[in-house]
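What follows is a set of notes on a single structure, which appears directly below.
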Amino acid sequence: MEGEATLTVKIYGADRDEAISILTDSGLKFQIEKVPDQQTPSEKHIAEFLIDLGMSTSLQGYLYIKQAIILVLKDPTYLRRNVTLKLYPAIATEYETKASRVERAIRHAVTAVFERGNLDELNELFANNISEKTGNPTNSEFIARIAEKLKQ
């Protein structure tokens with residue numbers, strides 16, 4: 001068709017394939033502009049960071065927190081949307097368990113690291129995010145703060 005415009009689209013995050021599928025199905029003429037992925041810390045780097053905080057690798061919550069950070073670094077909407085409805089179920093699917101067990105294991109790991117971990121480092125990292133009631137940040141605050149720190 002003469003005079004037909006081409007839509008240039010930038011797609012970020014984990015929904016890239018779904019967005020391309022929708023555009024293809026729409027019949028619109030489009031081109032994808034490649035957006036370089038941000039450098040994200042490796043799984044090894046995340047593990048080292050958690051261990052340096054004093055988190056025990058023998059806790060199931062350690063694995064779930066590591067996976068949560070990986071997911072959040074790839075797609076920050078995991079934290080912007082309801083963590084209970086998006087993040088925990090994604091981790092539960094990966095580990096073939098229930099979202100409620102993921103939440104509980106993460107909470108236990110956060111509590112344990114604040115009881116027995118590197119308190120100087122934890123207090124520096126979470127100075128403004130520690131609940132007076134529990135002495136810990138929430139699961140989502142813990143994950144978000146570490147993800148932000150690792151992006152720096």
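What you see is a predicted model; the values in this text were computed from it and never measured.
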Locate the shortest heavy-atom distance separating [X] from [Y]; write the atom from each residue and the value.
X: Val113; Y: Leu122; result: O-CD1, 3.2 Å
X: Leu73; Y: Lys151; result: CD2-CG, 3.3 Å
X: Phe114; Y: Leu119; result: O-CD2, 3.3 Å

Can you list every pair that meets side-chain hydrogen bond (donor to acceptor under 3.5 Å, both in side chains) and has a residue in residues 109-126, with sequence neighbours left out? Thr111-Asn136
Side-chain donor/acceptor pairs under 3.5 Å, residues 90-100, sequence neighbours excluded:
unit_1: Thr93; atom_1: OG1; unit_2: Pro89; atom_2: O; d: 2.9

Rounded distance (nearest 0.5 Å) linking atom [atom1] of [X] with atom [atom2] of [Y]:
X: Leu50; Y: Ile69; atom1: CG; atom2: CD1; answer: 4.5 Å
X: Phe49; Y: Met55; atom1: CZ; atom2: CE; answer: 10.5 Å
X: Glu141; Y: Glu148; atom1: CD; atom2: CD; answer: 13.0 Å

For Tyr88, ring-ring contact (aromatic ring centres under 6.0 Å, His included) partners two or more places apart: none
Do any side-chain atoms of residues 102-110 form donor-acceptor pairs under 3.5 angstrom with protein atoms, and if so which ones, sequence neighbours left out?
unit_1: Glu103; atom_1: OE1; unit_2: Arg107; atom_2: NH2; d: 3.0
unit_1: Glu103; atom_1: OE2; unit_2: Arg107; atom_2: NE; d: 3.0

Can Ile146 and Ile46 be said to form a side-chain contact (heavy atoms from CB on, under 4.5 Å), step by step? CA-CA 9 Å; Ile146 291 175; Ile46 295 167; 5.7 Å; no
Sequence neighbours excluded, the answer for salt bridge (Lys or Arg N to Asp or Glu O under 4.0 Å) partners of Arg145 is none
With side chains defined as the heavy atoms from C-beta onward, is the minimum distance between Tyr62 and Ile51 less than 4.5 Å? yes
Less than 4.5 Å apart, side chain to side chain, heavy atoms only: is that true for Ile143 and Val83? no
Start with the C-alpha gap between Ile65 and Asn139, add the side-chain angles, then the distance that decides, and say whether side-chain contact (heavy atoms from CB on, under 4.5 Å) holds. CA-CA 9 Å; Ile65 290 169; Asn139 289 356; over 6 Å; no
Sequence-distant partners of Ser56, side chain to side chain donor-acceptor pair (under 3.5 Å), two or more places apart: Ser58
